[in-house]
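Take a look at the structure set out below.
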Amino acid sequence: MAFVHGVLLAFGLILPLGVQNVFIFNQGAVQPRFVRALPAVLTAALCDMLLILAAVLGVSLLILTVSWIKTVLVLAGILFLLYMGLVTWRTPAAAAPAGTEGDPAQPEGDGAGSAAVMGPRRQMLFAASVSLFNPHAILDTIGVIGTSSLRYAGADKVLFAAAAIGVSLVWFLFLAGAGRLAGRLHSPLRLYLNKASALIMWGSALYLGWSFS
């Protein structure tokens with residue numbers, strides 16, 4: 001029962017379209033091979049695992065009682081979302097190498113055109129940022145998963161946490177796979193996906209600033 005409860009709660013939290021989901025989907029779309037999106041997938045899943053464990057163990061609740069930590073998280077999240085939205089908006093559709101399974105690795109570079117096709121280190125940095133610099137995700141984790149875990153103890157609590165962590169990993173793998181399929185579409189549609197993703201990120205930044213003002 002604890003395992004099923006953890007699965008349902010995790011799906012309820014992770015399914016809504018958000019910045020983290022958009023980033024993983026885009027990396028699946030723009031990387032020349034699915035395996036090259038795995039750094040983003042695994043980093044996002046690892047960050048979710050840390051947040052879930054912190055919520056279940058009660059650590060995150062203690063951290064967020066310090067007001068300046070919440071302020072730093074909000075400001076960092078807003079700045080990062082604005083920057084990521086700008087990079088995504090300026091990325092041309094040609095930067096997504098659809099259907100090029102045999103293509104060599106592309107350099108990371110600093111320009112907007114190469115920014116979408118990130119190497120492993122940049123993927124990990126961006127994935128960690130959109131996962132950890134998101135106060136709403138942290139508060140949702142504490143408010144839903146953390147409080148729901150209070151009804152369990154011992155092995156049941158372990159099963160509950162393991163189910164939530166497992167759902168996170170499976171979901172991100174699915175998103176990257178869906179992005180990979182979308183990356184095979186013609187360039188104009190990929191360009192529209194980039195623009196829509198950028199608007200979601202900017203909207204999330206505005207909502208984040210408004211809700212914590």
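Counting begins at 1 with the first residue of the sequence.
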Does [X] share a hydrophobic cluster with [Y], counting links as ILVMFWY side-chain heavy atoms below 4.5 Å and allowing steps through other members?
X     : Y      : answer
Tyr83 : Val22  : yes
Leu46 : Ile52  : yes
Leu38 : Leu125 : no
Leu57 : Val158 : no
Leu82 : Trp89  : yes

Which atoms form the tightest heavy-atom contact between [X] and [Y], and what is the distance?
X      : Y      : answer
Phe23  : Ala40  : CE2-CB, 3.8 Å
Lys157 : Tyr152 : CE-O, 3.1 Å
Cys47  : Ala128 : SG-CA, 3.7 Å
Pro39  : Thr43  : O-OG1, 2.7 Å
Gln20  : Val130 : CA-CG2, 4.1 Å
Ala163 : Phe3   : CB-O, 3.2 Å

Side-chain heavy atoms of [X] within contact of [Y], under 4.5 Å:
X      : Y      : answer
Asn21  : Ile24  : no
Trp202 : Leu199 : yes
Phe126 : Gln27  : no
Val167 : Phe172 : no
Leu51  : Ile145 : no
Leu169 : Ile165 : no

Checklist entry - At what distance, to the nearest 0.5 angstrom, does OG of Ser168 lie from CG of Leu173? => result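 The distance works out to 9.5 Å.
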Item to check | Rounded distance [0.5 Å steps], CZ in Arg33 versus CD in Gln31 | outcome: 10.5 Å
Next on the checklist: Can you confirm whether more than 12 heavy atoms, excluding those of Met49, are under 6.0 Å from its CE atom?
Outcome noted: yes
Item to check | N/O donor-acceptor pair under 3.5 Å between Arg180 side chain and Leu175 backbone | outcome: no
